[in-house]
Amino acid sequence: MRMPWPYQLRCFNCHARYPHGTLNYRCEKCEGLLEIRFHISKRRIPWKNRALSVWRYRELLPIDSDRFVTSLGEGGTGLHRLRRLAKQIGLKRVYVKNEGENPTGSFKDRGMTVALSKARELGKRRVVCASTGNTAASLAAYSAQAGLDCIVFVPKGKIAPGKMLQVVMHGARIVEVEGDFDQAMKLVVDLTQRRNSFYLMNSLNPFRLEGQKTIAFEVLDQLEKTPDAVVLPVGNGGNISAIWKGFGEFRELGVAKRKPRMIGVQAEKAAPIARAVRDNRDTIRPVRNPQTLATAIRIGSPVNWTKVLRAIKESNGTATTVSDGEILTAQRELASKEGIFVEPASAASIAGLKKSVNSGDVDRSDLIVCVTTGHGLKDPSIVDRIPRPKSYTLKITDTDWIDRLERTL
Ligand code: AN7
């Protein structure tokens, strides 16, 4: 495979530059977030004949040698056109980029394949993250393949059962923090700052975001045009920032002529980004003790907030909030009207889209892509929160059961 195009590590805030192998997660001068900057070349695009996947875009991924690549076949997820639900919402062209189709059932796999390959390139043996569940599940799987020590910090009792099962099954070491995600995140940042041997795999690690930007590349390649808006759930804000970066790079390359508006969706009681956007502030106020049944996005102090606010502003986008009830309704509608089963955090994108139509942030003629970030089977606990459908008991001695069944339909 070909080598990547030249790239640099740069401060998102003050633009200070750092060597590739830096062990910092923030700028030494101003504490800003770091990002990867490619020198994008307008040469012929080398990936046209490769299958849709994260590694299709090899030249735009910051991995120096293929020797260390760890992959489970991530990316290449479906872009599904909604018909019945789109009509109900009153829109003509709505697509779902269904990231639940990734190997561990969430978009995190895109970032993990790249960041874990980087960790191996840097000679790291021990990887660590704080997580509301999906990052931990993904990191555990990729670490298993690579044979690295994996330690995950999770808020005790606050992650979905399916995600916990994945972490256990893949053999990660689990630290259950008696607190929420934001507190777990602080502990992990502290740990990785004090001990260089622990490599941080949260989205503060800019290599993660490089994998996740391929969502934008794939959407452009699948649609063959630029959507008017991309709607997705926001927790720590890594994904919305990464996708925005991806659209920017394809624009620079000349593959796309335009860029979409980015619309972030948060749960009402865990909405520091949406509040800042609503109040037109350029900083966030962390939410203490955030609450939502969408545990994946139960985050009050998003580490990537500077990148998120810039993505929303530059794209002329916005952010909105949805209630837990609206999330559950959207989850069931997507499953029962379109055959797509996503976890509650992901359904927030659909709930947020409805809100945006009603508020006029989205036009009825717009071409929309909702990113559904994780699979519905991740969180079976939801079964207790939805009305059970009627079920029938059948005695096998009944002779007229077919007639009786027909009468109930
Ligand atoms: C399904 O796993 O933060 O805004 O620790 O699992 O990039 O944080 C998960 C986040 C959306 C929010 N949808 O993405 C974690 C974690 C699902 C998620 C998000 C998450 P970011």
Side-chain angles (χ1 to χ4, degrees), residues 33 97-102 104-112 115 128-141 152-155 158-160 162-164 166-167 172 177 180-185 188 200-206 208-209 211-213 215 230-245 262-267 270-274 284 290 292-305 307-309 311-312 319 322 327 331 341-352 370-379 382:
L33 298 168
K97 179 67 169 161
N98 190 21
E99 290 295 294
E101 296 168 32
N102 275 296
T104 77
S106 84
F107 71 97
K108 305 285 180 183
D109 295 342
R110 293 180 186 270
M112 224 44 92
V128 54
C129 72
S131 178
T132 56
N134 280 325
T135 299
S138 182
L139 181 59
V152 304
F153 285 56
V154 296
K158 290 175 188 148
I159 82 171
K163 302 174 189 178
M164 202 62 174
Q166 289 179 289
V167 171
V177 177
D180 57 24
F181 168 82
D182 302 298
Q183 290 161 321
M185 184 76 222
V188 168
L200 178 70
M201 296 295 280
N202 281 95
S203 52
L204 273 178
N205 181 330
R208 272 269 309 276
L209 302 189
Q212 289 172 210
K213 75 185 178 186
I215 292 176
V230 174
V231 187
L232 75 162
V234 173
N236 265 309
N239 211 29
I240 192 171
S241 316
I243 294 174
W244 177 240
K245 185 173 192 283
M262 303 300 294
I263 301 182
V265 186
Q266 297 199 295
I273 299 284
I284 61 147
T292 169
L293 66 74
T295 50
I297 52 171
R298 185 171 171 173
I299 295 172
S301 187
V303 291
N304 290 303
W305 65 267
K307 288 186 179 177
V308 184
L309 290 185
I312 288 174
V322 291
I327 288 174
Q331 184 187 24
F341 183 27
V342 304
E343 66 171 283
S346 309
S349 64
I350 300 292
C370 289
V371 184
T372 51
T373 42
H375 200 288
L377 289 172
K378 293 266 192 181
D379 195 354
I382 294 301

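Ligands are counted one by one from 1 in listed order, and the atoms in each one are counted from 1 as well. Keep in mind it's a predicted model, so treat the numbers as computed, not measured.
Asn236 contributes a side-chain N or O that, together with a main-chain N or O of Val303, makes up a donor-acceptor pair within less than 3.5 Å. Under the 3.5 Å distance criterion, the side-chain polar atoms of Asp180 are matched with a main-chain donor or acceptor of Asp182. Of the possible donor and acceptor atoms, none in the side chain of Arg208 sits under 3.5 Å from a partner among the backbone N and O of Gly111.
The shortest side-chain heavy-atom distance between Asn239 and Ile215 falls under the 4.5 Å cut-off. Ile350 places a side-chain heavy atom less than 4.5 Å from the side chain of Cys370.
Side-chain contact annotation: Thr373 with Ser346, donor-acceptor N/O pair under 3.5 Å present.
The nearest heavy-atom contact from the protein to atom 8 (O) of ligand 1 is Asn236 N, 2.8 Å. Distance from atom 14 (O) of ligand 1 to its nearest protein heavy atom, with residue and atom name: Phe107 CZ, 3.5 Å. Remark: minimum distance from atom 7 (O) of ligand 1 to any protein heavy atom is reached at Asn239 N, 2.8 Å. With respect to atom 12 (C) of ligand 1, the closest heavy atom belonging to the protein is Gly235 N, 3.5 Å. Counting protein heavy atoms only, atom 18 (C) of ligand 1 is closest to Ala296 CB, 3.5 Å. Taking atom 13 (N) of ligand 1 as the reference point, the nearest protein heavy-atom neighbour is Thr373 OG1, 2.6 Å. The protein heavy-atom contact nearest to atom 6 (O) of ligand 1 is Asn134 ND2, 2.7 Å.
For the pair Ile327 and Pro344, the tightest heavy-atom approach, listed with the atom from each and the gap, is CG2-O, 3.2 Å. Here the closest heavy-atom approach between residue Ile243 and residue Gln212 is recorded as CG1-O, 4.1 Å. Residues Cys129 and Asn202 come closest through the heavy atom pair CA-OD1, 3.2 Å.
Under a 4.0 Å criterion applied to the non-hydrogen atoms of Val234, ligand 1 contributes the atoms 4 (O). Counting the atoms of ligand 1 from 1 in the order shown, those under 4.0 Å from a heavy atom of Thr135 are 2 (O), 5 (O), 15 (C), 16 (C). Of all atoms in ligand 1, numbered sequentially from 1 with element shown, those under 4.0 Å from a heavy atom of Pro233 are 11 (C), 13 (N). The distance from ligand 1 to the heavy atoms of Gly238 drops below 4.0 Å at these ligand atoms: 4 (O), 7 (O), 21 (P). Atoms of ligand 1 lying under 4.0 Å from at least one heavy atom of Ser131, given by number and element, are 2 (O), 5 (O), 15 (C).
For ligand 1, the polar-atom distance check finds an N/O of Gly237 within less than 3.5 Å of one of the ligand's N/O atoms. In terms of N/O distances under 3.5 Å, ligand 1 is not approached by Glu343. For the pair Ser346 and ligand 1, the shortest N or O to N or O distance does not fall below 3.5 Å. Where the criterion is an N or O separation shorter than 3.5 Å, residue side chain and backbone included, Lys163 fails it with respect to ligand 1. Among the atoms of Phe181, none of the N or O lies under 3.5 angstrom from an N or O of ligand 1. Not a single N or O atom of Ala136, backbone or side chain, sits closer than 3.5 Å to an N or O atom of ligand 1. The distance criterion of under 3.5 Å between nitrogen or oxygen atoms is not met by Gln212 with respect to ligand 1.
Within the 4.0 Å heavy-atom shell around ligand 1 one finds Lys108. A heavy-atom separation below 4.0 Å is found between Gly133 and ligand 1. Proximity of Ile299 to ligand 1 is established by a heavy-atom distance of less than 4.0 Å.
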Test log, rule side-chain hydrogen bond (donor to acceptor under 3.5 Å, both in side chains), inputs Ser203 and Asn304: CA-CA 8 Å; Ser203 52; Asn304 290 303; 2.9 Å; yes
Asn98/Val342 under side-chain contact (heavy atoms from CB on, under 4.5 Å): CA gap, chis, key distance, verdict: CA-CA 8 Å; Asn98 190 21; Val342 304; 3.9 Å; yes
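If you look at Ile297 next to ligand 1, the close heavy atoms, those under 4.0 Å, all belong to the side chain. Contact annotation: for Asn304 versus ligand 1, there are no heavy atoms closer than 4.0 Å.
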Side-chain donor-acceptor contacts of residues 131-138 below 3.5 Å, not counting sequence neighbours, with atom names and distances?
| unit_1 | atom_1 | unit_2 | atom_2 | d |
| --- | --- | --- | --- | --- |
| Ser131 | OG | Gly133 | N | 2.7 |
| Ser131 | OG | Thr135 | N | 3.3 |
| Ser131 | OG | Ala136 | N | 3.1 |
| Thr132 | OG1 | Ala296 | O | 2.8 |
| Asn134 | OD1 | Lys378 | NZ | 2.8 |
| Asn134 | ND2 | Glu343 | OE2 | 2.8 |
| Thr135 | OG1 | Lys108 | NZ | 3.4 |
| Ser138 | OG | Asp109 | OD1 | 2.6 |

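For Ala311, the side chain to side chain contact (heavy atoms under 4.5 Å, CB included) test picks out Trp244, with sequence neighbours left out.
Checked against Phe107 for a side-chain contact (heavy atoms from CB on, under 4.5 Å), the options Glu101, Glu99, Lys97 give a single hit: Glu99.
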